[in-house]
Amino acid sequence: MVKLRCANVIGVFLAATLLPGAAAGQQFSGRSGAMNLTSSAFAHNGAIPKKHTCDGGDASPPLSWSGVPPEAKSLVLIVDDPDAPDPAAPRMTWVHWVLYNLPPSAGGLAEGVKSPPAGAAEGINDWQRAGYGGPCPPVGRHRYFHKLYALDTFIQGLSRPNKAAVERAMQGHVIARAELVGTYKR
């Protein structure tokens, strides 16, 4: 019960700090408004194919988005795993990918992205490198959250930022959010 209460408090805090006008207690999971994030490689809460993991080709999955608010200036994509190192006793959230200043008109990312679209930039993941790092759980089935944020601005002045720096820059600028969760077990 304490764990659940803490998770709800953290979720409300993040919603209140990242989404302007968010009401206390309002939850933001799945879709926010009409914005949606999907993949042709796996369904929401479905298994991520091996080719998108460290056990396969480690290619980023294809992602598509729709319903981006017309006032959005840029998008941020963060992929992370809150189940590290063991889902039975998680101790940290492992960051797999950080992309920011994605053009809202792009509509998605192709499979196996090697460099971000024109105008976009990559932050560093928890392997201390830019780019996608696929699921590689040491034990158990982990969840991989693909979070897409629509911003009313561009993120500027960052050099090789980590997830925390991008999230700080997003504060007060998130106008919509969508989420896609995939799972993987070795």
Side-chain angles (χ1 to χ4, degrees), residues 14-15 18-22 26-53 56-82 95-125 129-135 143-158 160-163 165-184:
L14 288 174
L18 293 177
L19 291 169
Q26 189 172 2
Q27 296 296 311
F28 293 94
S29 61
R31 294 167 46 147
S32 174
M35 198 161 93
N36 196 19
L37 178 63
T38 61
S39 178
S40 59
F42 61 95
H44 183 63
N45 289 322
I48 296 172
K50 188 175 182 177
K51 71 179 180 176
H52 302 297
T53 74
D58 212 19
S60 61
L63 297 171
S64 298
W65 52 80
S66 61
V68 176
E71 65 272 21
K73 302 275 192 267
S74 69
L75 301 174
V76 171
L77 176 69
I78 296 174
V79 179
D80 58 24
D81 166 12
V95 179
H96 288 262
W97 205 11
V98 178
L99 287 167
Y100 61 99
N101 290 339
L102 287 160
S105 61
L109 296 168
E111 180 177 84
V113 169
K114 296 294 182 204
S115 60
E122 288 185 303
I124 58 170
N125 57 33
R129 67 176 193 257
Y132 174 81
R143 297 167 300 152
Y144 298 89
F145 287 74
H146 299 68
K147 297 174 280 190
L148 185 70
Y149 302 91
L151 308 183
D152 64 3
T153 190
F154 293 94
I155 294 177
Q156 298 177 0
L158 299 180
R160 292 182 45 86
N162 62 13
K163 172 187 160 184
V166 171
E167 286 179 335
R168 280 191 301 275
M170 291 169 37
Q171 285 185 353
H173 296 286
V174 177
I175 56 176
R177 177 178 188 253
E179 187 172 88
L180 172 66
V181 179
T183 66
Y184 186 66

Does His52 reach the main-chain N or O of Ala59 with its side chain, forming a donor-acceptor pair under 3.5 Å?
-> yes
Check: Pro61 main-chain N/O paired with Ser39 side-chain donor or acceptor under 3.5 Å = no
For Ala47, check side-chain contact (heavy atoms from CB on, under 4.5 Å) against everything at least two apart and list the hits.
-> Arg141, Thr183
Who passes side-chain contact (heavy atoms from CB on, under 4.5 Å) against Val181, sequence neighbours left out?
-> His44, Asn45, Arg143, Phe145, Glu179
Residues at least two apart in sequence or cross-chain that pass ring pair (Phe, Tyr, Trp, His ring centres under 6.0 Å) with His146, listed by chain then number, are Phe42
Closest non-hydrogen atom pair between Pro104 and Ala72, with its separation | CG-O, 3.6 Å
Asn125 and His96: side-chain donor and acceptor closer than 3.5 Å?
-> no
Return the set of residues passing side-chain contact (heavy atoms from CB on, under 4.5 Å) with Ile155 (not counting sequence neighbours), or none when no residue passes.
-> Val76, Tyr100, Asn101, Leu151, Leu158, Val166, Ala169, Met170
Closest non-hydrogen contact found for Pro69 with Ile175 is CB-CD1, 4.0 Å
Taking only residues at least two apart or on different chains, which pairs with a member in residues 97-111 satisfy salt bridge (charged side-chain N to carboxylate O under 4.0 Å, His left out)?
-> Lys51-Glu111
Taking everything shown except Lys147 itself, do over 12 heavy atoms lie less than 6.0 Å from its NZ?
-> yes
Sorted by first residue and then second, give each salt bridge (charged side-chain N to carboxylate O under 4.0 Å, His left out) pair with at least one member in residues 63-79; sequence neighbours left out.
-> none
